[in-house]
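Values reported hereafter were calculated over all heavy atoms of this structure, with side chains retained and with hydrogens, waters and symmetry mates removed. Letters A, B, ... mirror the listed sequences (proteins, then strands); counts begin at 1. Everything quoted here is computed from the prediction, not taken from an experiment.
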There are 2 protein chains.
Amino acid sequence: MYGLPNSLKMLSPAEEQVMLAVWRCTPPATGAAIAKELVHTGWASTTRLTLLTRLEQKGWLQKEKRPGGTVYLPKITLRAYRVYTARERLDTVFDGDLSALLSALLSEHRPGLPQLEAARALLQQQMDAQIEYDWYDPYG
Amino acid sequence: MYGLPNSLKMLSPAEEQVMLAVWRCTPPATGAAIAKELVHTGWASTTRLTLLTRLEQKGWLQKEKRPGGTVYLPKITLRAYRVYTARERLDTVFDGDLSALLSALLSEHRPGLPQLEAARALLQQQMDAQIEYDWYDPYG
DNA sequence: TCATTTTTACTACATTTGTAGAAGATTTTG
DNA sequence: CAAAATCTTCTACAAATGTAGTAAAAATGA
């Protein structure tokens with residue numbers, strides 16, 4: 001449901017920054033809005049534009065010329081990208097081991113209780129669903 | 001405690017594969033053992049060696065010539081790298097939001113109950129520690 | 001130990017990535 | 001609308017990355 005089209009390879013770090021900036025904008029993201037989201041990079045405007053163009057060529061964005069300025073529409077949702085990148089790390093570096101990943105995250109970081117509680121609830125919910133599934137599935 | 005030395009920038013995908021292969025070996029990792037861990041890549045042996053050399057230059061590995069063959073010693077532990085890369089994704093793509101990351105992981109994947117239970121236990125443990133900390137810390 | 005196999009060092013090169021100047025097109029503003 | 005400010009396109013280029021050949025060195029086997 002959330003996989004990326006096969007043709008989309010991994011983003012380079014600079015490209016990723018641009019995509020994240022686009023996703024941060026209220027759509028449709030205008031050139032100016034994206035620029036604002038990228039001030040922290042200190043890039044020349046041409047650098048930003050080069051990256052936007054490359055992202056369009058690679059199929060991550062769709063550029064649309066409108067009166068008042070060009071807008072850039074993500075072809076991939078942030079949600080899909082998150083699923084993809086999280087999964088990629090889990091499989092590549094953590095051998096698919098969810099608790100190993102979690103443990104790495106917690107080992108340096110002290111998320112607040114609400115964060116932790118929310119995360120735990122998610123897992124609990126997943127577990128409940130799983131149990132129900134096992135219970136009712138005739139092939140389980 | 002687990003941060004990478006600042007001088008170490010991110011690994012490229014190919015370099016990461018090599019480091020993962022080295023970590024998979026029982027130390028000390030010999031050239032042959034590493035090669036075995038990388039058969040799936042289909043790389044020419046020179047490709048592998050080029051990458052090993054680059055990793056040494058960049059400070060990820062230490063090469064040691066021994067009678068019987070060179071061995072490669074990781075200067076960075078797998079554990080440290082995992083912490084680093086997990087954290088990097090969390091901050092960059094998930095805005096530091098742990099449950100967002102978790103939710104991305106669960107949305108496509110159906111880890112088994114033991115996996116989920118282990119993960120939940122980890123969180124629970126972290127929460128307990130947190131609560132205790134809040135309770136006793138005079139500055140909390 | 002000498003030929004055979006394996007490993008390593010050095011070199012090479014195409015592709016991708018990071019970064020931006022010059023110049024033309026567009027938008028904004030007085 | 002004309003001048004000023006901004007945006008976009010095209011072009012460029014150095015550095016990093018992916019990939020491997022050639023030849024020298026080391027290990028192995030007979």
Nearest to the side chain of B:Trp43, which nucleotide is it out of D:dT17, D:dA20, D:dT8? D:dA20
Check every atom of C:dT8, D:dT9, C:dA20 against the side chain of A:Lys63 and return the nucleotide holding the closest atom. D:dT9
Could you check which of D:dA20, D:dT8, D:dG18 has an atom nearest any side-chain atom of B:Arg54? D:dG18
Regarding A:Ser12, tell me which of base, sugar-phosphate or nothing describes its non-hydrogen contacts under 4.0 Å with the strands shown. sugar-phosphate
Touch class at under 4.0 angstrom, heavy-atom based, for B:Thr50 against every strand present: base
Spacing of A:Leu52 atom CG relative to C:dT19 atom P, expressed in whole Å: 15 Å
Which part of the nucleic acid, if any, lies within contact of A:Arg66, taking any heavy atom under 4.0 Å across all strands shown: a base, the sugar-phosphate backbone alone, or nothing? sugar-phosphate
Value for CG (A:Leu61) from CD1 (A:Ile34), rounded to nearest 0.5 Å, stands at 7.0 Å
Side chain of A:Lys65 - closest among D:dG18, C:dA20, D:dT8: D:dT8
Whole angstrom value for the distance that separates P of C:dG18 from CE of B:Met10: 11 Å
Report the residue from A:Arg48, A:Glu37, A:His40 that forms a side-chain hydrogen bond (donor to acceptor under 3.5 Å, both in side chains) with A:Gln17. A:His40
Can you figure out which of D:dC7, C:dT17, C:dG21 approaches the side chain of A:Ala32 most closely? D:dC7
